[in-house]
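Lettering of chains follows the sequences in order, A, B, ..., and the numbering in each one begins at 1.
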Protein chains: 2
Amino acid sequence: MKNLTKRQSEIFNFIKEEIESNGYPPTRSEISRTFGFKSPNAAEDHLKALKKKGVLDLAAGTSRGITLNNESSGIPVIGLVSAGGPILAEENIEKTLPKNPGILSHGVDFYLKVKGDSMIDVGIFENDLIAINKNLPVKTGNIVVARINNEVTVKTLLKLSNKLVILKPENSSYEDLEINPTKESLVFEGTCVGLLRDFS
Amino acid sequence: MKNLTKRQSEIFNFIKEEIESNGYPPTRSEISRTFGFKSPNAAEDHLKALKKKGVLDLAAGTSRGITLNNESSGIPVIGLVSAGGPILAEENIEKTLPKNPGILSHGVDFYLKVKGDSMIDVGIFENDLIAINKNLPVKTGNIVVARINNEVTVKTLLKLSNKLVILKPENSSYEDLEINPTKESLVFEGTCVGLLRDFS
DNA sequence: TTCATAACTGTAATTATATACAGTATTTAG
DNA sequence: CTAAATACTGTATATAATTACAGTTATGAA
């Protein structure tokens with residue numbers, strides 16, 4: 001989506017809220033009434049601008065024929081991460097799951113399908129989906145998704161300093177990873193905010 | 001209020017699908033066109049009947065003013081189960097979580113907050129929420145919610161016969177429960193279809 | 001300076017839509 | 001058996017809604 005102006009965002013959000021609360025989009029008149037426009041054409045102009053910017057679609061000759069585009073592209077499930085590219089690269093996306101607002105206390109940017117048994121002591125098993133937020137501040141004690149020398153791994157972050165990062169597998173048969181971030185490439189891809197397991 | 005006729009269900013589902021795919025409800029004419037009615041009043045009559053039955057609301061004088069009455073008031077989270085009453089009794093409901101269709105392969109009737117460590121070997125930890133479907137056939141090998149002599153427990157069902165039911169805790173320091181259902185009261189409250197853990 | 005975009009006012013026409021009224025035929029519950 | 005509910009046809013109309021055209025004012029970029 002292109003950059004919406006402040007006013008356009010207001011209009012867009014109003015439409016979104018109306019759909020949320022009523023179950024159907026507003027008319028030009030309703031938009032105008034809400035924003036104090038004296039002409040329904042003001043709303044028409046805004047809708048055209050929003051359509052031009054691609055955030056919604058308008059069905060010609062159709063009352064309330066507003067379809068939001070932005071809304072529901074789902075949350076990607078990342079399976080095996082191929083080396084090199086970004087974790088959310090399309091080739092890594094196994095499928096998408098619907099958004100589930102309100103179930104977890106933090107937002108979820110993607111799910112990562114767990115490989116291996118390095119976290120079984122905290123109840124994270126192979127093929128579980130862990131919910132990742134990629135914008136939370138990386139904090140010791142949290143379970144993080146780290147990329148070390150282009151390999152993605154899930155561990156508990158034990159220590160975080162300029163010269164030493166310690167990542168702890170939650171499985172007594174594995175040893176802690178000690179990384180010197182000045183010598184090895186280390187990127188934090190996100191923090192684990194939840195776990196999802198499907199018994200099918 | 002829920003006994004819709006076959007035709008009414010068809011109409012209702014069509015409206016639901018239209019909202020899903022277009023983002024706004026259909027008009028009387030669109031409904032009539034879809035079902036081959038020769039008068040928009042046929043649709044009007046149906047809408048009135050559906051309103052009367054409480055499954056939707058109509059905004060007078062409003063185009064596409066159909067609001068579906070989401071029966072999705074949320075999925076209850078069951079904390080401690082008090083002895084005696086049914087598991088879904090109000091006093092057991094700790095809170096409710098929004099429905100999350102499409103995330104788990106089976107429907108979820110309620111979440112049960114896990115107490116104790118009897119299932120840690122399969123990665124079910126204290127305070128995890130396990131998603132329970134109470135209508136799936138009870139099958140050996142599945143993790144089930146059972147009520148034995150009025151006490152609710154979560155275990156793997158190992159054996160199920162008239163004279164002997166074996167419930168296995170997934171923790172090597174616990175022993176299997178062997179129940180004779182002719183002598184002890186045993187009710188299966190549901191089957192575990194998923195697990196939810198929130199790292200907050 | 002000039003042109004495009006944004007953000008409106010004001011008017012008006014066409015058409016999309018809701019919805020009442022008057023019927024008919026069939027099915028269902030008391 | 002009868003009244004009510006279901007499931008429509010057919011007609012009609014007020015009004016809800018889209019949307020074009022013609023302007024105004026302000027702003028920022030070329």
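Side-chain atoms of K38(B) lie closest to dT9(D) of the nucleotides dC8(C), dT18(D), dT9(D). In this structure, the nucleotide among dG10(D), dA17(D), dT18(D) sitting nearest to the side chain of R64(A) is dA17(D). Picking from dT18(D), dT17(C), dA22(D) the nucleotide with the shortest atom distance to the side chain of N41(A) gives dA22(D).
As a whole-Å value, the separation of L47(A) CG from dA6(C) P is 14 Å. Whole-Å rounding puts the D45(B) CG to dC21(C) C1' distance at 11 Å. Counting to the nearest Å, the P atom of dA7(D) and the CG atom of L4(B) are 10 Å from each other. To the nearest angstrom, C1' of dA16(D) lies 15 Å from CD1 of I31(A). When the P atom of dT9(C) is taken as reference, atom CZ of F35(A) falls 13 Å away, rounded to whole Å. Per the geometry, CD belonging to E44(A) stands 8 Å off P belonging to dT18(D), to the nearest Å. In this structure, CD of E10(B) is placed 15 Å from P of dT6(D), rounded to the nearest angstrom.
Applying the 4.0 Å criterion to OP1 and OP2 of dA5(D), one finds that Q8(B) has every side-chain N and O outside that range. Regarding contacts with the backbone of dT17(C), a side-chain N or O of S63(A) is found under 4.0 angstrom from either OP1 or OP2. Of the side-chain N and O atoms in H46(A), one or more sit less than 4.0 angstrom from OP1 or OP2 of dC8(C). Contact annotation: K53(A) side-chain N/O to dA6(C) OP1/OP2 distance is under 4.0 Å. Residue R7(A) places none of its side-chain N or O atoms closer than 4.0 Å to OP1 or OP2 of dA7(C). Phosphate proximity of dT6(D) to T5(B): absent, as no side-chain N or O sits under 4.0 Å from OP1 or OP2. An OP1 or OP2 oxygen of dT19(C) is reached within less than 4.0 angstrom by no side-chain nitrogen or oxygen of K48(B).
Note that the two end axes of the helix from dT1(C)-dA30(D) to dG30(C)-dC1(D) enclose an angle of 40°, each drawn from 5 base pairs, rounded to 10 degrees.
N13(A) is not listed as a side-chain neighbour of I11(A), based on a closest heavy-atom distance of 4.5 Å or more.
Between R33(B) and E30(B) there is no salt bridge, since no side-chain N of the basic residue sits under 4.0 Å from a carboxylate O of the acidic one. Taking the charged nitrogens against the carboxylate oxygens, E20(A) and K16(A) have no contact shorter than 4.0 Å, which rules out a salt bridge.
In this structure, E18(A) contributes its side chain and I15(A) its backbone to no donor-acceptor pair below 3.5 Å. Side-chain atoms of N142(A) never come within 3.5 Å of backbone atoms of T191(A) as a donor-acceptor pair (strictly under, hydrogens ignored). Looking only at distances, a side-chain donor or acceptor of N133(A) sits under 3.5 Å from a matching main-chain atom of L136(A).
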| said: salt bridge (Lys or Arg N to Asp or Glu O under 4.0 Å), that's the test. Do R147(B) and E151(B) meet it? Break it down for me. | reply: CA-CA 5 Å; R147(B) 183 193 289 260; E151(B) 204 169 317; over 6 Å; no
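Classification of the F37(A)-H46(A) ring pair by plane angle, with boundaries at 30° and 60°, yields parallel.
Remark on DNA chain C: of its neighbouring residues F37(A) and A49(A), the 5'-side contact belongs to A49(A), judged by nearest-heavy-atom nucleotide. Place K6(B) and R28(A) on DNA chain D by their nearest nucleotides, and K6(B) ends up nearer the 5' end.
Residue T27(B) is classed as a sugar-phosphate contact, given heavy-atom separations below 4.0 Å to backbone atoms only. Residue contacts shown for S29(B) are absent, as no nucleic acid heavy atom lies under 4.0 Å away.
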